[in-house]
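Take a look at the structure below.
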There are 2 protein chains.
Amino acid sequence: MNRLPSPHRPRALAPIPHVAGVDYDVLDELIGYTLRRAQVAMFLAFHEATRGLEITPPRFTALVIVGANPGIGQSALGQVLGIARSGAMMLTDWMEQRGLAERHQRPGDRRAWGVYLTARGEREVARMKRRVLAEDRRRSAKLGAGERRRLLALLKKLAG
Amino acid sequence: MNRLPSPHRPRALAPIPHVAGVDYDVLDELIGYTLRRAQVAMFLAFHEATRGLEITPPRFTALVIVGANPGIGQSALGQVLGIARSGAMMLTDWMEQRGLAERHQRPGDRRAWGVYLTARGEREVARMKRRVLAEDRRRSAKLGAGERRRLLALLKKLAG
DNA sequence: GCCGATTGTTATAGACCATTACAATTCTCC
DNA sequence: GGAGAATTGTAATGGTCTATAACAATCGGC
């Protein structure tokens with residue numbers, strides 16, 4: 001089996017299969033279940049693209065958001081990620097320890113810190129974005145370009 | 001905030017929002033990210049449908065699979081769910097403790113047990129299925145019937 | 001009949017994340 | 001202008017989920 005260097009192991013190393021001879025009953029009519037199977041499949045694409053990088057989807061998302069919104073506060077970061085403030089803080093700690101981001105005082109407010117990518121962070125995030133996007137496209141190449149666009153639109157409509 | 005009776009708490013109580021004024025950069029072009037947002041949204045539908053039932057998506061899936069495939073072994077169950085055998089066993093323990101399923105010897109093989117729904121399990125699972133399906137449809141009603149079908153097809157094609 | 005594979009099981013450990021509480025600071029509004 | 005409410009980041013704690021590893025019993029192929 002495909003072992004990983006213990007920390008930062010993904011939850012699933014293999015896609016959720018559709019086992020032959022098994023009756024899936026109502027599951028195949030549920031958007032929720034089908035969504036999850038597709039998500040696991042695409043998670044593998046992400047894992048492939050970031051192999052050896054000690055990164056996870058939340059970390060990647062945090063890096064991209066900080067890169068595109070320099071000086072964002074940790075509460076706002078948590079809100080965007082859909083996690084609690086304490087979780088956003090741990091992500092920020094991680095980014096800082098890796099030298100990818102820094103906290104800087106913000107002039108207006110002495111409570112809020114404001115997170116910024118470092119120069120090295122900018123470089124690495126740009127590289128990651130290229131790789132993740134390429135792999136996401138490659139893995140979803142089972143769909144044609146039109147289908148891919150339509151899927152994105154449907155998903156966004158669903159997520160509101 | 002919306003508190004729940006400590007055990008069996010869902011991971012996310014609120015949808016992942018699209019915060020106004022925030023630049024999402026490449027995220028909005030990633031199937032993986034968009035998929036996750038949609039999945040969280042639909043998870044809330046599930047949570048709504050099973051409120052007060054001490055159930056989770058893996059538990060529900062296990063119950064449905066056992067119901068539709070009586071006598072399935074725990075290894076096969078784990079494979080269908082995409083989890084390790086040990087996890088399938090704990091799910092089976094849970095179903096048994098709740099009186100929803102039972103392990104029975106299977107004639108051919110004295111290693112494998114074979115899981116079956118109890119009469120009460122049959123009843124409860126039927127009820128759950130109705131509720132979950134109804135809520136899944138309700139929550140995805142933002143899409144028209146045709147869009148919903150197309151989304152299902154695209155997701156299945158993606159998950160392979 | 002023996003060796004490898006498979007099944008269920010148990011124990012352990014780690015990742016992830018929410019909750020709670022706290023101090024510092026800012027905001028509200030009278 | 002001042003008191004109380006709200007917000008920010010932080011730290012400590014705990015719970016849930018699930019994989020990993022090791023084990024005994026059993027089966028299958030040769």
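Chain naming here is simple, since letters A, B, ... match the order of the sequence lines and numbering starts at 1 in each.
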remark   = Which of Asn69(A), Ile65(A), Thr61(A), Ile83(A) passes side-chain contact (heavy atoms from CB on, under 4.5 Å) with Leu77(A)? It is Ile65(A)
inquiry  = Categorize Ala84(A) for me: base, sugar-phosphate, or nothing, with a 4.0 angstrom heavy-atom threshold over every strand shown.
reply    = base
remark   = Whole-Å distance, Met89(A) CE to dT13(D) P, equals 14 Å
Minimum-distance nucleotide to Arg103(A) side chain [options: dT25(C), dT26(D), dT10(D)] = dT10(D)
message = Rounded to whole Å, please give me the gap between CG in Asp109(A) and P in dA6(D).
response = 17 Å
query = Are Tyr33(B) and Phe60(A) co-members of a hydrophobic cluster defined by side-chain heavy atoms under 4.5 Å apart?
reply = yes
query = Looking at Glu135(A) and Arg139(A), does any basic side-chain N land under 4.0 Å from a carboxylate oxygen?
reply = yes
ask   = Is a donor-acceptor contact shorter than 3.5 angstrom present between the side chain of Ser86(B) and the base of dT20(D)?
value = yes
inquiry  = Below the 4.0 Å mark, does dT20(C) have OP1 or OP2 next to a side-chain nitrogen or oxygen of Arg85(A)?
reply    = no
ask   = Choosing from dG8(C), dC17(C), dA5(C), which nucleotide comes nearest the side chain of Arg111(B)?
value = dA5(C)
Pair of N/O donor and acceptor under 3.5 Å linking dT26(D) base with Arg110(B) side chain = no
request  = Rounded off to whole Å, could you give me the CD-to-P distance for the Gln97(A) and dT10(D) pair?
outcome  = 12 Å
key: Arg148(A) with Asp136(A): basic N within carboxylate O range, under 4.0 Å   = yes
request  = Please state how far atom CD in Gln79(A) lies from atom C1' in dG9(D), giving the value in whole angstrom units.
outcome  = 16 Å
Distance in angstrom units between Leu91(B) CG and dT16(D) C1', rounded = 13 Å
inquiry  = Taking 4.0 Å as the cut-off, does a side-chain nitrogen or oxygen of Gln74(A) come that near to OP1 or OP2 on dT8(D)?
reply    = no
query = Closest nucleotide of DNA chain D for Gly108(B) versus for Gly73(A): which of these residues is on the 5' side?
reply = Gly73(A)
ask   = Between Ser75(A) and dT8(D), is there a side-chain N or O to OP1/OP2 distance below 4.0 Å?
value = yes
query = OP1 or OP2 of dT26(D) less than 4.0 angstrom from a side-chain nitrogen or oxygen of Arg106(B), does that happen here?
reply = no
request  = To the nearest Å, give me how far apart CZ (Phe60(B)) and P (dC17(D)) are.
outcome  = 17 Å
inquiry  = Distance check needed: dT10(D) P versus Gln105(A) CD, whole Å only.
reply    = 11 Å
message = What is the separation between atom CE on Met95(A) and atom P on dG9(D), rounded to the nearest whole Å?
response = 12 Å
Name of the residue among Arg103(A), Gln74(A), Arg98(A) meeting side chain to side chain donor-acceptor pair (under 3.5 Å) with Asp93(A) = Arg103(A)
